Novice: 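Pasting a structure here, questions to come.
Per chain, numbering begins at 1; letters A, B, ... match sequence-line order. Predicted, not measured: the structure shown is a model, and the values here were computed from it.
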Amino acid sequence: MTAPQTTERRIVLVAVGAAGYLAVELDDSGEETARHPLAASELAPFVSARERDASPRWVLRSARDVYPALLDEGVLLSRAHDLLLCHAILRDTDKVARPLAPSPLWVRREPAEDAAPALFDVVGEQEPEDPITEVLAQYREQRRVMADSKDGRLTLLCAAESAGGLIAEEMRAAGLPWNEAVHESILTEILGTRPVAGGIPSRMASQAARVRAILGDASLNLDSQPKLLRALHRVGVQVESTSKWQLSEHSHAVVEPLLAYKKLSRLLSANGWAWLAEWVHDGRFRPIYIPGGVVTGRWASAGGGALQLPRNLRAAVRADDGWTLVVADVAQLEPRMLAAMAGDRAMARAAQGADLYAGVVESGAVATREEAKYAVLGAMYGATTGDSGRLVPRLRKVYPRAMALVDKAARFGEDGGVVSTWLGRSSPRPSEDWSRMQAHATDADADPAEVAMARRRARDWGRFTRNFVVQGTAAEWSLIWLAEIRHRLRQFPESEVPAPASGAFSRHPHLAFFLHDEVILHVPKEQADAAADAVREAAEVATRRLFGSFPIDVPLDLRIAESAEK
DNA sequence: ATCGTGGGCGCG
DNA sequence: AAAGCGCGCCCACGAT
């Protein structure tokens, strides 16, 4: 693991007041060397000039504050330190003796939709008297905490997290190329003719009619779970819920059309014509990505359900003319991370090649690929019952080190402790409610029902911490992968053929979509092979930066295609 | 009317 | 109502 270079130019950039900015240049020791007040119109020229001669690390309160305006002007930042994102990491980490003092000034609050933009979207506090002094002090403290982590892991994590902050804004600016005509033809094919004025599409209406006929209620609202449940009971389908997995265990004639209706209904409400009109403009889907939006470090998203795009709509993701897509994902990222973190060479051997589950079968632990999958997922999620829970103990025999790592994480959690990812992102402390419940359960006169409940809540939290270390480390690998892809794409030459709707990236290959362990790049056709190489190299670098020479494979499933359809 | 909650289901 | 982690969004429904 190598820490990023220590001598680099740094410029603190903050929005001040309604329409201005302040840039403060720092020397290597963090001392201020120059200060530039900037009117809004001066921001883009100032930043692009500094980028040209020095590519500094920009210290930002948050990329989300200042970067969209720069991207609108076609100005890119090479590197950043995002104080808001790093505050969350450095505040909670248990990898240093003295972590960052928590401050509500540095916790993001989503502003109300119609609220005027504020400099500090803070929770329950006024803006500080002197924003720039507050920003400089916060940055110094964050540097102090990063430096306290002697192996450089927190520095690497903050650099990667900050790169993610830039990439999230860049992907929104560039957008995911989305072909509305393809989307509409998928909707028409599956749902039937588009309804006028919010009616029900034809195929959906006919499925609904079949269901109502079989249930003997012509006016039944199929979207009302209690009413549907009662109607099912009336015809003898004794389900406890209307979920599809329960319905599918019955052979009644209503099951097939009802499941079909549910599927169509889901497509219509989640990604139908209304979604298309709201979220796709100029051939681009532009969701809001929220880096670090999940406690494990995974990204969340807001608007348009970006992280839940159904696979049957992937065909609508289509490159512009003269451009193409590079679609890449990692097979079984999390168990590979687990093998490497635990230094489990037997599990790493099973992970050699494209299919880890096949390797687990070869090790003799289980008989089939399906069993291997359930066993591995069960190990990482903490399954105790069912097929999965039954298979987990077999893994303990063949991969004792890997299993010890997750078992220990679960035990820490059950005891109210904190666990951390490979780079030092730590799990949240359990709530006071939880702790009180656990303390109460040890009283001599504790109610047995309360003791049982406390036990269950303890195991719930243990499953969370068990998974935290694996999911969180996978998120770190993905962040470095993303940052390295971005870094490589920036070296590419301008393209002859533009993609005008991609804004600042209209002549440059760019990341267009990211989903935990998958990326979609939109690239000029002539650069497709080079971009694919960049994606593979970036994966290799991410693996080596996290795990050095430990022999773990992280193979990509990569293809170059006009469409993201599998 | 508006808000919070639970069921349900899409994604990894 | 999955078993076994992490999310966001839609709908109905009851409380306010």
Side-chain angles (χ1 to χ4, degrees), chain A residues 110 220-230 238-250 258-259 261-272 274-275 278-279 287-314 329-335 337-338 373-392 395 406 409-410 413 419 421 425 427-428 456 459-475 477-478 513-519 557 564 566:
Chain A
E110 296 309 321
L220 181 64
N221 177 3
L222 300 183
D223 296 330
S224 167
Q225 191 260 358
K227 289 174 187 158
L228 177 58
L229 197 56
R230 279 196 295 273
Q238 296 302 329
V239 284
E240 288 168 50
S241 83
T242 62
S243 64
K244 64 178 182 185
W245 74 267
Q246 270 216 1
L247 288 166
S248 61
E249 294 188 350
H250 287 75
L258 180 52
L259 290 179
Y261 170 83
K262 280 166 156 284
K263 208 167 176 59
L264 302 189
S265 169
R266 164 78 193 188
L267 176 61
L268 176 68
S269 68
N271 297 101
W275 181 91
E278 185 174 357
W279 292 105
I288 295 168
Y289 292 97
I290 304 176
V294 181
V295 283
T296 58
R298 273 188 173 184
W299 288 18
S301 72
L307 275 43
Q308 304 116 254
L309 286 178
R311 299 207 76 91
N312 61 5
L313 278 185
R314 293 295 184 93
D329 68 280
V330 185
Q332 307 115 13
L333 177 59
E334 291 186 1
M337 297 297 103
L338 172 56
K373 188 173 168 179
Y374 278 89
V376 168
L377 290 176
M380 294 188 303
Y381 294 160
T384 53
T385 63
D387 289 348
S388 185
R390 188 171 48 76
L391 292 164
V392 171
L395 292 189
V406 283
V419 298
T421 62
R425 191 189 304 261
S427 63
R456 211 174 70 215
R459 280 193 295 264
D460 288 346
W461 195 253
R463 283 194 305 277
F464 165 63
T465 53
R466 168 191 291 271
N467 186 248
F468 182 96
V469 295
V470 180
Q471 186 183 118
T473 301
W477 185 94
S478 297
F513 190 66
F514 168 55
L515 181 52
H516 308 319
D517 59 3
E518 172 185 7
V519 294
D557 179 3
K566 267 251 181 188

Novice: Keeping the roles fixed (side chain from A:E334, backbone from A:V470), state whether a donor-acceptor pair exists under 3.5 Å.
Specialist: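 Pair absent, no side-chain N/O of A:E334 close to backbone of A:V470.
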Novice: Counting the atoms with a prime plus P, OP1 and OP2 as sugar-phosphate, which does A:G293 contact under 4.0 Å by heavy atoms, base, sugar-phosphate, or nothing?
Specialist: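 No contact.
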Novice: Let me know the distance between CG of A:L267 and C1' of B:dC11, rounded to the nearest Å.
Specialist: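 Distance check: A:L267 CG to B:dC11 C1' gives 15 Å.
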Novice: Taking the nucleotide of DNA chain C with the closest heavy atom to each, which residue, A:A270 or A:G386, is nearer the 5' end?
Specialist: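 Looking at the nearest nucleotide for each, A:G386 comes out on the 5' side.
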Novice: At 4.0 Å (heavy atoms only), tell me whether A:Y374 reaches a base, stays on the sugar-phosphate, or touches nothing.
Specialist: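 Answer is base: heavy atoms of A:Y374 come under 4.0 Å of a base.
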Novice: Could you give the CD1-to-C1' distance, from A:I290 to B:dG12, as a whole number of Å?
Specialist: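 Taking atom C1' of B:dG12 as the reference, CD1 of A:I290 is at 17 Å.
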Novice: On a plain distance test, is the side chain of A:R311 in donor-acceptor contact with the base of B:dG10 below 3.5 Å?
Specialist: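 Between B:dG10 and A:R311, which were checked side chain against base, a qualifying N/O pair under 3.5 Å is absent.
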Novice: Under a 4.0 Å N-O cut-off, is there an ion pair linking A:K566 with A:E518?
Specialist: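 Here A:K566 does not pair with A:E518 in a salt bridge, since their nearest N and O are not under 4.0 Å apart.
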Novice: Distance between the C1' atoms of C:dA1 and B:dG8, in whole angstroms?
Specialist: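 One C1' to the other, the span is 11 Å.
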Novice: Are OP1 or OP2 of B:dG7 and a side-chain N or O of A:T242 less than 4.0 angstrom apart?
Specialist: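 For B:dG7, neither OP1 nor OP2 has a side-chain N or O of A:T242 closer than 4.0 Å.
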Novice: Determine yes or no for a side-chain-to-main-chain donor-acceptor pair under 3.5 angstrom, with A:T465 supplying the side chain and A:G462 the backbone.
Specialist: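 Side chain of A:T465 to backbone of A:G462, a donor-acceptor pair under 3.5 Å: yes, one is there.
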Novice: Using only heavy-atom distances, decide whether a donor-acceptor pair under 3.5 angstrom links the side-chain of A:R463 to the base of C:dC5.
Specialist: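 No, the side chain and the base share no sub-3.5 Å donor-acceptor pair.
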Novice: What is the separation between atom CG on A:L228 and atom P on B:dG8, rounded to the nearest whole Å?
Specialist: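 Going from A:L228 (CG) to B:dG8 (P), I get 9 Å.
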Novice: If I pick the C1' atom on B:dG7 and the same atom on C:dA2, what distance separates them, to the nearest angstrom?
Specialist: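 My reading of the C1' atoms in C:dA2 and B:dG7 gives 14 Å.
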Novice: Whom does C:dG6 pair with, Watson-Crick or G-U wobble, provided both distances fall under 3.5 Å?
Specialist: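 Partner of C:dG6: B:dC11.
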Novice: Does C:dA3 have OP1 or OP2 sitting under 4.0 Å from an N or O in the side chain of A:T384?
Specialist: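 Negative; the distance criterion is not met.
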Novice: Looking at the side chain of A:P310, which of C:dC10, B:dC11, C:dA1 is the nearest nucleotide?
Specialist: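 The answer is B:dC11, which lies nearest to the side chain.
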Novice: Does A:G378 reach a base, just sugar-phosphate, or nothing at all? Heavy atoms under 4.0 Å.
Specialist: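 The answer is nothing, as A:G378 stays clear of every strand by at least 4.0 Å.
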Novice: Is there a side-chain polar atom (N or O) of A:S243 under 4.0 Å from OP1 or OP2 of B:dG7?
Specialist: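 No, A:S243 has no side-chain N/O under 4.0 Å of OP1/OP2 on B:dG7.
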Novice: How far apart are the closest heavy atoms of A:T296 and A:Q471, and which atoms are they?
Specialist: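 Nearest heavy atoms, A:T296 then A:Q471: OG1-OE1, 2.7 Å.
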Novice: Measure CE/A:M337 against P/C:dC5 and give the value in whole Å, please.
Specialist: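 After rounding, the gap between these two atoms is 22 Å.
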Novice: Are any of A:S265's side-chain N or O atoms less than 4.0 Å away from OP1 or OP2 of C:dC10?
Specialist: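 Negative; the distance criterion is not met.
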Novice: Whole angstroms only, please: what is the CG-C1' distance between A:D460 and C:dC5?
Specialist: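 Those two atoms, CG and C1', are 11 Å apart.
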Novice: Quick one: does A:Q308 reach the base of C:dG8 with a side-chain donor-acceptor pair under 3.5 Å?
Specialist: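 A donor-acceptor contact between them is present.
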Novice: In terms of side-chain heavy atoms of A:E518, which of C:dG6, B:dG12, C:dC13 is nearest?
Specialist: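 Of the options given, the side chain of A:E518 lies nearest B:dG12.
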Novice: Under 4.0 Å from OP1 or OP2 of B:dC9: is there any side-chain N or O of A:K262 that close?
Specialist: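 Checking B:dC9 against A:K262, a side-chain N or O does come within under 4.0 Å of OP1 or OP2.
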Novice: Can a side chain N or O of A:K244 be found less than 4.0 Å away from OP1 or OP2 on C:dA1?
Specialist: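 Indeed not, no polar side-chain atom of A:K244 lies that close.
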Novice: Taking A:G304's backbone N and O only, do any of them form a donor-acceptor pair with A:W275's side chain (distance below 3.5 Å, no angle check)?
Specialist: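 Confirmed, A:W275 side chain pairs with A:G304 backbone.
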Novice: To the nearest Å, give me how far apart CG (A:N271) and P (C:dC11) are.
Specialist: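 Atom CG in A:N271 sits about 12 Å away from atom P in C:dC11.
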Novice: Could you work out which one of C:dG6, C:dG4, C:dC13 sits closest to the side chain of A:Y381?
Specialist: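 So the side chain of A:Y381 is nearest to C:dG4.
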Novice: Looking at A:S478 and A:D517, would you say the former's side chain and the latter's main chain have a donor-acceptor pair under 3.5 Å?
Specialist: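 Flag not set: sc A:S478 to bb A:D517 has no pair under 3.5 Å.
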Novice: What's the shortest heavy-atom distance between A:A379 and A:L395, and which atoms?
Specialist: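 Heavy atoms only, the tightest pair is CB-CD1, 4.1 Å.
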Novice: By nearest atom, which of the nucleotides C:dG8, C:dG6, B:dC11 is closest to the A:S301 side chain?
Specialist: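 Shortest atom-to-atom distance from the side chain points to C:dG8.
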Novice: Classify A:A474 by what it touches in the nucleic acid, base, sugar-phosphate, or nothing, heavy-atom distance under 4.0 Å.
Specialist: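 The residue A:A474 makes no contact with any strand.
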Novice: Once you round it to whole Å, what is the distance between C1' of C:dA1 and CD of A:Q225?
Specialist: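 Those two atoms, CD and C1', are 11 Å apart.
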Novice: Relative to the ring of A:F464, is the ring of A:W461 parallel (under 30°), tilted (30 to 60°) or perpendicular (over 60°)?
Specialist: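 Aromatic pair A:W461/A:F464 classed tilted.
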Novice: At under 4.0 Å, does any side-chain N or O of A:N467 touch on OP1 or OP2 of C:dG4?
Specialist: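 Negative; the distance criterion is not met.
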Novice: Given B:dC11, C:dG4, C:dC11, which nucleotide is nearest the side-chain atoms of A:D223?
Specialist: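 The answer is C:dC11.
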Novice: Relative to the 5' end of DNA chain C, which residue comes earlier, A:S241 or A:W275, by the nucleotide with the nearest heavy atom?
Specialist: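 Comparing both residues, the 5'-ward one is A:S241.
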Novice: Output the rounded distance in Å from CZ (A:R266) to P (B:dG8).
Specialist: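 Those two atoms, CZ and P, are 14 Å apart.
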Novice: Using a cut-off of strictly less than 4.0 Å, decide whether A:W245 has a side-chain nitrogen or oxygen near OP1 or OP2 of C:dA1.
Specialist: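 No, outside the criterion.
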Novice: Please classify the nucleic acid contact of A:G389 as base, sugar-phosphate, or nothing, using heavy-atom distances under 4.0 Å.
Specialist: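 The residue A:G389 makes no contact with any strand.
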